[in-house]
**Q** 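What follows is a single structure, and I will ask about it in a moment.
Throughout, numbering of the chain's residues begins at 1 and tracks the sequence. Computed from a predicted model, the values in this text were never measured in an experiment.
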Amino acid sequence: MRFIDAADVHKYIGGIFREAFEDDEIGPKLRETGIVLQFRFSEPDAVVVVDTVSATVTDGTGETGPTAGMSTSADTGNAYWQGKVNL
């Protein structure tokens with residue numbers, strides 16, 4: 001999949017987490033981790049921050065620092081969350 005821009009990355013990769021937070025089984029488990037994940041993507045450049053405590057997905061503007069991070073191209077990040085790439 002080729003992403004057009006940062007909004008596209010947020011829509012699809014961020015959407016994975018938005019849906020997970022809403023899931024009755026996965027959501028509570030995800031929130032229990034208590035971590036803040038920051039993804040720095042390239043091609044296109046985008047930052048996606050997943051705050052499992054507040055169950056939010058943002059671009060990280062004005063937020064506290066992450067507890068874990070990942071940097072990769074958006075396509076590789078997308079393939080990772082689909083189980084197609086083992087980092």
Side-chain angles (χ1 to χ4, degrees):
M1 171 177 208
R2 289 283 174 206
F3 295 98
I4 298 168
D5 55 20
D8 213 24
V9 174
H10 278 272
K11 177 180 178 179
Y12 293 103
I13 296 179
I16 294 167
F17 291 97
R18 287 184 200 92
E19 286 186 29
F21 286 129
E22 293 176 11
D23 185 89
D24 292 337
E25 185 177 337
I26 299 170
K29 291 177 182 177
L30 190 56
R31 285 187 283 281
E32 284 175 9
T33 67
I35 61 176
V36 178
L37 303 166
Q38 181 186 67
F39 301 100
R40 293 191 166 276
F41 297 112
S42 60
E43 302 173 39
D45 291 341
V47 175
V48 176
V49 175
V50 179
D51 185 333
T52 64
V53 176
S54 64
T56 59
V57 180
T58 67
D59 66 1
T61 304
E63 297 187 21
T64 59
T67 54
M70 176 178 168
S71 296
T72 186
S73 73
D75 286 337
T76 300
N78 184 47
Y80 173 78
W81 291 111
Q82 292 180 25
K84 297 177 181 177
V85 172
N86 183 353
L87 300 178

**Q** Ignoring hydrogens and geometry, is there a side-chain-to-backbone donor-acceptor pair from Asn78 to Ala74 under 3.5 Å?
**A** no

**Q** Please find the pair of heavy atoms, one from Ile35 and one from Leu37, that lie closest to each other, and give the distance.
**A** CD1-CD2, 3.4 Å

**Q** When you compare the side chains of Thr58 and Thr56, does any donor N or O come within less than 3.5 Å of an acceptor on the partner?
**A** no

**Q** Considering residues at least two apart in sequence or located in another chain, which fulfil the salt bridge (Lys or Arg N to Asp or Glu O under 4.0 Å) criterion with Glu25?
**A** Lys29

**Q** Cluster question for you: counting only ILVMFWY and a side-chain heavy-atom cut-off of under 4.5 Å, with indirect links fine, are Ile26 and Phe21 together?
**A** no

**Q** Between atom NE2 of His10 and atom CZ of Arg18, what is the distance when rounded to the nearest 0.5 Å?
**A** 8.0 Å

**Q** By side chain to side chain donor-acceptor pair (under 3.5 Å), which residues pair with Asp23, not counting sequence neighbours?
**A** none

**Q** Would you kindly confirm whether Val57 and Phe3 end up in one hydrophobic cluster when ILVMFWY residues are joined by side chain heavy atoms under 4.5 Å apart?
**A** yes

**Q** What residue pairs, at least two apart or across chains, pass ring pair (Phe, Tyr, Trp, His ring centres under 6.0 Å) with a residue in residues 65-87?
**A** Phe17-Trp81, Phe39-Trp81

**Q** For Thr67, enumerate each residue passing the side chain to side chain donor-acceptor pair (under 3.5 Å) test, keeping only those at least two apart in sequence or located in another chain.
**A** none

**Q** Mind checking what makes side-chain contact (heavy atoms from CB on, under 4.5 Å) contact with Ala79, not counting sequence neighbours?
**A** Lys84, Val85

**Q** Please table the atom pairs, donor to acceptor, closer than 3.5 Å between any side-chain atom in residues 41-50 and protein atoms at least two apart or in another chain.
**A**
none

**Q** Among residues at least two apart in sequence or on other chains, which ones pass side chain to side chain donor-acceptor pair (under 3.5 Å) with Thr76?
**A** Ser73

**Q** Using the side chain to side chain donor-acceptor pair (under 3.5 Å) criterion, which residues pair with Thr33? Sequence neighbours excluded.
**A** Thr52

**Q** Check for a donor-acceptor pair, side chain of Arg31 on one end and backbone N or O of Ala55 on the other, with a separation under 3.5 Å.
**A** no

